[in-house]
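Written out below as structure tokens is the structure these notes cover.
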Amino acid sequence: MDQPTAPLPPQHPSYASALAAPPPPRMPRHRGRRIGELTAVAVLTAALASGGTWGVMSLTDDGTTAASSTSASTSGDSAASVVPVSSASKTNPDWNAVTAAVTPSVVSITVSAGGSGGEGSGVVLDKEGHVLTNHHVVSGAGDDATITVTLSDGKTYRASIAGEDASTDLAVLTLEDPPDDLQPITVGSSSGLQVGDPVMAVGNPLGLSGTVTTGIVSALDRPVTTSSTESEQQDPFGQQQQQQSSQVVTSAIQTSAAVNPGNSGGALVDAAGRLVGINSSIASLGSSSGQSGSIGIGFAIPVDEAQWIAEQLIEDGQAEHAFLGVTPSDGTAELGSATRSGAQIRSVSDGSPAEAAGLQEGDLVVGVDDSTVTSAESLVGIIHSHRIGTKVSLAVVRDGEEQTIEATLGTAPTSQG
């Protein structure tokens with residue numbers, strides 16, 4: 001177990017992320033174990049009970065998160081269809097009906113190689129047998145790994161990777177000869193979520209398939225940074241050597257629904273049984289073993305982002321990402337008698353959407369559309385969650401006054417090497 005290390009300072013170059021520089025080099029597929037971590041007071045490493053990986057965020061002694069946080073809700077109803085459940089309302093959810101409708105669409109994933117392996121969860125996307133999961137669930141067992149997917153009826157199928165995207169921690173599997181009665185999940189929209197909405201997590205925690213837990217949306221647009229590591233050694237579940245690290249920044253849904261190791265890649269659904277997020281990581285108090293269970297703070301990748309990435313992975317095997325074209329750092333600015341925290345622009349890339357919009361060095365970005373920006377990390381996560389070509393309204397403090405700047409997001413440059 002690695003010892004905790006000091007948190008990155010706000011000026012650390014990692015905060016630039018995909019906003020200005022090209023995204024991290026694409027990880028070679030299955031060359032070694034990938035370990036997800038959330039950076040706060042300390043960086044910890046934790047593994048699934050059965051050998052897979054998951055994310056953790058350390059908390060301070062007084063129980064508060066050391067990472068910057070934003071709780072900004074959005075409104076609006078989802079246009080997605082509703083699964084046939086009864087009493088599917090926020091005020092009176094019928095979790096028995098939701099469980100019956102959703103469980104057949106959530107699968108257990110097993111990855112094995114050389115006598116070692118790990119387990120996670122996944123969500124059936126379509127009748128063709130595409131299953132959405134976390135990249136860290138399937139990326140750690142090497143080129144010769146065997147991936148199997150077990151449906152809720154107990155039937156197991158071999159699967160291959162259709163596409164994977166390390167920068168968003170998402171991957172899509174394809175079942176070999178999927179059954180005709182495969183039941184895809186009903187996809188909702190994360191844009192309609194509000195803090196306090198009831199949600200259910202469905203997955204395979206600790207190898208206990210078909211487990212459901214309920215809670216609420218505790219926060220939206222929660223900036224969460226996971227540090228991923230991939231090893232060059234042949235034993236993907238042994239001691240790490242020749243490690244290569246990159247960062248994944250997510251503008252996450254925070255939920256009180258209990259999630260544990262093995263829930264990674266599983267479904268977070270609303271009271272109508274619609275998919276609103278992909279469970280990916282949990283907060284931890286930082287036990288010495290790194291194996292502490294749920295403390296009621298879990299994080300999910302919003303489905304609006306996950307669906308956009310999944311569509312690209314199915315089509316092309318890889319994904320492109322939105323690009324603003326700035327290098328940010330944590331900063332503050334005076335606005336009247338108040339001090340605002342946000343993402344301060346350190347530089348603007350030539351020919352970028354940011355330059356075209358009129359962003360300047362020294363500007364403090366404090367909002368994107370309806371989402372509050374409190375740090376460089378939160379700006380990175382919010383921009384990364386948008387689709388290419390999206391027009392965004394940036395709330396910017398410049399010379400002591402707040403103004404709105406419109407920008408149309410471009411495509412992040414392709415990494416070289």
Side-chain angles (χ1 to χ4, degrees), residues 10-11 14-21 65 67-76 189-196 217-225 249-254 302 304-305 308 321-412:
Q11 293 79 20
S14 296
Y15 278 96
S17 186
L19 291 181
T65 60
S68 56
S69 60
T70 299
S71 176
S73 63
T74 56
S75 60
S189 174
S190 47
S191 65
L193 288 177
Q194 295 181 319
V195 174
V217 173
S218 303
L220 295 168
D221 299 320
R222 182 70 79 192
V224 171
T225 299
V249 182
T250 304
S251 185
I253 301 167
Q254 180 181 326
D304 291 350
E305 176 182 357
W308 156 241
H321 307 96
F323 174 68
L324 180 59
V326 299
T327 301
S329 63
D330 293 350
T332 61
E334 301 300 321
L335 189 61
S337 60
T339 300
R340 293 292 302 271
S341 298
Q344 191 161 42
I345 305 305
R346 294 169 53 195
S347 64
V348 178
S349 301
D350 293 338
S352 67
E355 183 183 56
L359 282 173
Q360 300 176 9
E361 182 178 346
D363 286 346
L364 186 76
V365 180
V366 296
V368 178
D369 296 330
D370 295 326
S371 299
T372 301
V373 173
T374 58
S375 65
E377 183 187 41
S378 66
L379 178 61
V380 171
I382 291 169
I383 295 299
H384 212 196
S385 68
H386 284 71
R387 297 194 180 209
I388 296 166
T390 301
K391 186 175 182 179
V392 295
S393 296
L394 305 172
V396 174
V397 178
R398 179 187 296 171
D399 298 327
E401 296 183 355
E402 184 172 334
Q403 58 183 278
T404 299
I405 295 178
E406 305 287 338
T408 301
L409 302 179
T411 304

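Because the structure is a prediction, the values reported are computed rather than measured.
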* Structure fact -> Correct closest heavy-atom pair for Gly325 and Ala354 would be O-CB, 3.8 Å

* Asked: Taking only residues two or more places apart in sequence, or in another chain, which ones meet Ser251 in a side-chain hydrogen bond (donor to acceptor under 3.5 Å, both in side chains)?
  -> Asp221

* Structure fact -> Here the salt bridge (Lys or Arg N to Asp or Glu O under 4.0 Å) pairs for residues 379-399, sequence neighbours left out, are Glu311-Arg387, Asp363-Arg398

* For a side-chain contact (heavy atoms from CB on, under 4.5 Å) with Val396, tell me which candidate from Leu359, Val373, Leu364, Val366 qualifies. => Leu359

* Donor-acceptor under 3.5 Å (Ser375 side chain, Asp330 main chain) -> no

* Asked: Looking at Pro328 and Val326, what are the two nearest heavy atoms and their distance?
  -> CD-O, 3.5 Å

* Quick one: list whatever passes side-chain contact (heavy atoms from CB on, under 4.5 Å) with Pro353, sequence neighbours left out. => Phe323

* Non-hydrogen atoms of Val249 and Gly381 that approach each other most closely -> CG1-N, 3.6 Å

* Structure fact -> Minimal heavy-atom distance between Thr250 and Pro302, with the atoms involved, is CG2-CD, 4.3 Å

* Would Ile253 and Leu220 satisfy side chain to side chain contact (heavy atoms under 4.5 Å, CB included), going step by step from the backbone distance to the final call? -> CA-CA 5 Å; Ile253 301 167; Leu220 295 168; 4.2 Å; yes

* Asked: For Gln254, which residues count as a side-chain hydrogen bond (donor to acceptor under 3.5 Å, both in side chains) partner, sequence neighbours excluded?
  -> Arg222

Report all side-chain donor-acceptor pairs from residues 403-412 shorter than 3.5 Å, counting only partners two or more places apart or in another chain.
{"residue": "Glu406", "atom": "OE1", "partner": "Ser393", "partner atom": "OG", "Å": "2.9"}
{"residue": "Glu406", "atom": "OE2", "partner": "Ser393", "partner atom": "OG", "Å": "2.8"}

* To do: Kindly compute the distance separating CG (Asp304) from CG (Leu193), expressed to the nearest 0.5 Å.
  => 8.5 Å

* Restricting to pairs with a member in residues 332-342, which pass salt bridge (Lys or Arg N to Asp or Glu O under 4.0 Å), not counting sequence neighbours? -> Arg340-Glu402

* Taking side chain as C-beta onward, heavy atoms only, is His386 less than 4.5 Å from Val392? -> yes

* Under the side-chain contact (heavy atoms from CB on, under 4.5 Å) rule, collect the residues that match up with Glu361, sequence neighbours excluded. => none

* Report yes if some heavy atom in the side chain of Glu355 is under 4.5 Å from a heavy atom in the side chain of Asp350; otherwise report no. => yes

* Asked: Please walk me through it: do Thr339 and Thr332 pass side chain to side chain donor-acceptor pair (under 3.5 Å)?
  -> CA-CA 7 Å; Thr339 300; Thr332 61; over 6 Å; no

* Structure fact -> Tightest non-hydrogen contact, residues Val195 and Ala219, listed as CG2-CA, 4.0 Å

* Asked: So which heavy atom on Ala252 is nearest to which on Val224, and how close?
  -> CB-CG2, 4.1 Å

* Asked: Taking atom CG of Leu324 and atom CD1 of Ile382, what is their separation to the nearest 0.5 Å?
  -> 11.5 Å

